[in-house]
Amino acid sequence: MSRYFLKTLREAPAEAELPSHRLLLRAGLVMPLAAGLYCFTPLGWRAMRRVEELVREEMNRAGAQELRLPALQPVELWEQSGRNEIFGDVLYRVSDRRERDFVLAPTHEEAVSALAASQVQSYRDLPVTLYQFQQKFRDEPRPRGGLIRLREFCMKDAYSFDPDWETLDESYRAMFDAYARIFARAEVPAVPVEADSGAIGGKDSQEFIYLNENGEDEVLLCSSCGYAANAEKATFRAEPPVAAEPAPVERVDTPGVGTIASLAAFLGVEERQTVKAVFYAADGEPVFVAIRGDLEVNETKLRNLLKAVELEPMDDAAVARHGLVAGSASPVGLEGLRVVADTSATEAVNLVGGANEPDAHLLNVNYGRDWTATLVDDIALAEGGHRCLSCEGTLDVRSGMELGHVFKLGSTYAEALDVRYLDDEGERHHAVMGCYGIGVDRLLAAVLEANHDEDGIIWPATLAPFDVHVVVLGGDKPEVKEALGEVEAALEAAGLEALVDDRDESPGAKFKDADLLGMPVRLTVSPRALGQGGIELQARASGEREVVPLGEVVGRIRERGA
RNA sequence: CGGGGUGUAGCUCAGCCAGGUAGAGUGCUUCGUUCGGGACGAAGAGGUCCCCGGUUCAAAUCCGGGCACCCCGACCA
């Protein structure tokens with residue numbers, strides 16, 4: 001370590017708040033270069049390589065084949081798939097000396113499809129799963145949390161090509177199982193949850209979420225039946241509507257009432273007896289959304305339903321232009337606007353709705369009789385405390401980090417980039433694709449979030465940058481020198497990698513650094529330990545300590561699973 | 001893109017309100033002592049006080065404009 005390119009910090013820089021971010025900086029694994037961009041030091045890079053190697057082992061075990069695609073890609077490829085526009089500002093754009101336009105790829109469905117299109121000809125070439133480790137570039141609006149959200153990061157991205165949806169199920173399952181093994185071996189408790197599959201379409205989509213309060217994603221979990229879903233996707237059972245016979249519409253004055261809460265209080269009804277209006281602009285087109293008053297709109301569900309790329313709240317000018325009365329808007333008597341209704345608002349009877357004039361509302365509004373919608377579907381947002389749709393349980397809301405995503409894509413890219421094959425009857429079909437991603441940097445951060453104590457990192461043995469941390473005390477004494485030489489030789493012969501702290505530091509400083517850096521096993525070579533008959537061995541996780549005769553050191557390390 | 005915060009030594013921060021020689025701890029260098037849980041003493045190196053402009057005899061400090069970074073939100077295949 002006296003010559004190792006590493007500096008630890010006694011205190012973490014002020015900008016770091018998350019435990020993983022603080023540890024990365026304190027242990028000297030990374031150095032920030034700019035927002036969302038990090039340098040990895042030799043030690044940090046070793047850690048990354050260990051994570052990468054673990055992922056690679058499981059990909060290979062699952063039968064996937066590693067390849068390499070370029071990060072720099074012609075913009076035409078992205079125009080072909082239509083994602084030049086969909087990604088928009090997220091794409092880093094560059095041009096070459098001839099002023100041709102390129103992008104730094106944020107993901108590789110296009111490139112891998114182009115490659116597959118050139119290679120796949122027959123059903124005999126399928127199925128195949130290809131993967132790579134490659135830097136992705138995304139101009140994120142807000143990088144954050146050290147390695148949690150980066151602008152340049154390493155992703156393990158895999159893509160499967162199958163002849164049909166049935167065999168895709170098998171390819172998908174193989175990746176799903178590989179992911180479960182990866183997170184288990186990395187000692188990060190990630191749970192699979194149902195996820196939104198986005199505007200691209202596709203079928204099943206699941207995310208592996210590490211439940212952690214510092215995560216950016218929200219998931220809903222049912223402790224009774226095990227249902228788990230990303231908040232964007234989650235379904236639930238709304239409170240049943242209040243039962244009643246339809247009554248005639250009646251106008252009431254509601255002076256100063258402009259919110260559902262105040263409306264319900266003013267009239268002495270429950271919020272689920274009201275209908276709420278929310279206005280959006282979907283790709284610039286105005287949309288009037290009606291949902292029961294006790295529920296919120298899930299904008300992801302709405303965006304998917306409308307097949308919109310962009311969905312924003314309607315701005316005040318547009319609200320006025322369409323003659324909408326905020327606070328008392330109503331789908332009743334509404335003309336010239338696309339109306340989308342949540343199922344909840346169409347099933348309930350005798351709701352209180354707006355009157356489309358200030359300080360007034362309508363009683364006994366009923367779907368079908370008084371108003372209709374262009375589209376009716378589930379567009380409600382599941383929240384903690386809601387009832388599970390699958391059982392009698394209650395949903396809990398938790399935050400978490402998305403570490404991996406597995407996704408049955410279908411043929412969207414195969415069609416855009418012409419990945420076709422001939423079946424055994426000579427008929428041409430598009431391949432059916434799946435895609436599978438793991439953020440390697442983020443996984444490294446998650447490993448630290450899940451494996452540390454107040455003294456520092458506690459590396460899982462499979463991911464530790466070094467197997468053993470050797471603290472040398474009294475290194476100028478001949479018996480210590482001799483013992484150190486023998487220990488180093490034994491470790492090397494056993495294939496164990498060691499970080500040897502031969503610095504001229506006080507014992508306390510060396511022990512503190514050993515705890516911070518967190519290798520699974522610490523060996524102390526010192527006059528005291530030699531006097532007690534050998535080398536001191538301490539396990540980082542348990543803190544258990546023992547003095548082991550020199551010849552048995554490797555054996556004891558092996559027994560401890562390093 | 002909206003809201004909040006911060007920019008002074010490698011790191012953590014004080015100084016700014018009330019303008020007047022740029023500071024502490026830690027880290028770094030050297031010497032000595034010490035040597036099993038961030039040792040002690042001494043000497044030293046290290047600064048465009050984020051940038052540009054303004055006010056002033058004088059700006060880290062006051063004023064204006066920018067930039068960067070962090071946090072919250074929006075966004076996130």
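Values reported hereafter were calculated over all heavy atoms of this structure, with side chains retained and with hydrogens, waters and symmetry mates removed. In what follows, chains are A, B, ... by sequence order, proteins preceding strands, each numbered from 1. Fair warning: this is a prediction, and the values are worked out from it, not measured in the lab.
The residue A:G145 sits close only to the backbone: its heavy atoms come under 4.0 Å of sugar-phosphate atoms, none of a base. Using a 4.0 Å heavy-atom distance criterion, A:Q538 is classed as a base contact.
Ranking B:rC69, B:rC28, B:rC75 by closeness to the A:A35 side chain, first place goes to B:rC69. Taking only side-chain atoms of A:R528, from C-beta outward, the nucleotide of B:rG36, B:rG37, B:rG27 with the closest atom is B:rG36. Residue A:P141 places its side chain closer to B:rA74 than to any other of B:rU12, B:rC28, B:rA74. Relative to the side chain of A:R303, the nucleotides B:rU12, B:rA77, B:rC76 differ in distance, and B:rC76 lies closest.
Counting heavy atoms from C-beta on, the side chains of A:L523 and A:L537 come closer than 4.5 Å.
Atom CZ of A:F511 is separated from atom P of B:rG38 by 11 Å (rounded to the nearest Å). Note: CZ (A:R144) to C1' (B:rC70) measures 11 Å, nearest angstrom. The interatomic distance linking A:E402 (CD) with B:rA77 (C1') rounds to 10 Å, in whole Å.
As rounded to the nearest Å, B:rA39 and B:rU34 have C1' atoms that lie 7 Å from one another. Straight-line distance between the P atoms of B:rU56 and B:rA14: roughly 32 Å, to the nearest whole Å. B:rG15 and B:rC28: their C1' atoms are spaced 24 Å apart (whole Å).
Taking 3.5 Å as the limit, the base of B:rG27 and the side chain of A:R26 contain no donor-acceptor pair of atoms between them. No donor-acceptor contact under 3.5 Å links the side chain of A:R138 to the base of B:rC76. At a cut-off of 3.5 angstrom, counting only N and O atoms as typed in the model, there is a donor on one side and an acceptor on the other between the side-chain of A:E536 and the base of B:rG36. For B:rG37, its base sits under 3.5 Å from the side chain of A:R522 at one donor and acceptor pair at least.
If you check the side chains of A:R83 and A:Y413, you find a donor sitting under 3.5 Å from an acceptor.
A:F279 and A:F288 have tilted rings, their planes meeting at an angle from 30° to 60° on a 0 to 90° scale. Under the 30°/60° scheme for interplanar angles, the aromatic rings of A:F208 and A:F176 are found to be tilted.
If you check B:rG19 for Watson-Crick or wobble pairing at under 3.5 angstrom, you find it has no partner at all.
Taking the centre and axis of the six-membered ring of A:F137, the NZ or CZ atom of A:R151 falls outside the cone set by 45° and 6.0 Å.
Between A:R142 and B:rC72 there is a side-chain N or O to OP1 or OP2 distance below 4.0 Å. Look at A:S506 and you'll find a side-chain N or O under 4.0 angstrom from OP1 or OP2 of B:rA39.
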